[in-house]
Amino acid sequence: LGRFSTRQVVEGSFEKTSAMAPIRGRTKAAFEVEKRPKVVKPKHRKGSKSARTKIVRDVIQEVAGLSPYEKRILDMIKTGGASSEKRMYKYAKQRLGTHKRALKKREDMKDVYAQMRARQAMEK
């Protein structure tokens, strides 16, 4: 939106404002238009998890446990080392295919490991 002027809502109705940026050397104001309200569409919620999906995935994770590649990432966390972060990322990226997924999986595995450590500390 940067250089374009925006509209302001006044008590539920729209106030007319200029939709165009003032052009250098122009003496007249730009044509005034009324902004139409945005309609909420089903596509706007695409990608967001529903509560039911989250519960189902949590139950499956609890019953099935970790997959072999996730166990290997956990092993990398346990052994540690200077370049373990990078190694975990590279391995996850090779398995999952994208940068974002690899970063998210690495953080998830760190959380799982932290939970395991917390449970072990509680038992002692």
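For reference, positions follow the sequence shown, starting with 1.
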Original post:
Which hydrophobic side chains are connected to Val56, either touching it within the sub-4.5 Å cutoff or through other members that do?
Top reply: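 Members other than Val56 - counting any ILVMFWY side chain reachable under 4.5 Å - are Ile60.
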**OP:** Tell me who clusters with Tyr69, hydrophobic residues only, linked when side chains sit under 4.5 Å apart either directly or through other members.
**Re:**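 Members besides Tyr69, by chain and number: Leu66, Ile73, Leu74, Met76, Ile77, Met88, Tyr91, Leu96, Met109, Val112, Tyr113, Met116.
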Subject >> Set of ring pair (Phe, Tyr, Trp, His ring centres under 6.0 Å) partners for Tyr89, sequence neighbours left out >> reply: His99
Original post:
Can you name the residues that form a side chain to side chain donor-acceptor pair (under 3.5 Å) with Thr79, not counting sequence neighbours?
Top reply: none
Original post:
For Ser48, what residues pass the side chain to side chain donor-acceptor pair (under 3.5 Å) criterion, not counting sequence neighbours?
Top reply: none
Subject >> Pair listing, side chain to side chain donor-acceptor pair (under 3.5 Å) test, anchored in residues 103-112, at least two apart >> reply: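 Sorted pair list: Glu70-Lys105, Glu85-Lys110.
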Subject >> Heavy-atom neighbours of Arg101 CZ exceed 12 at 6.0 Å >> reply: no
Subject >> Exam field: side chain Ser83 to backbone Lys86, donor-acceptor pair closer than 3.5 Å >> reply: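 Answer holds: no.
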**OP:** Only pairs at least two apart or in different chains count here, so list each salt bridge (Lys or Arg N to Asp or Glu O under 4.0 Å) that has a residue in residues 50-59.
**Re:** Lys54-Asp58
**OP:** Please list all pairs passing the ring-ring contact (aromatic ring centres under 6.0 Å, His included) test where one or both residues lie in residues 32-52, with sequence neighbours left out.
**Re:** none
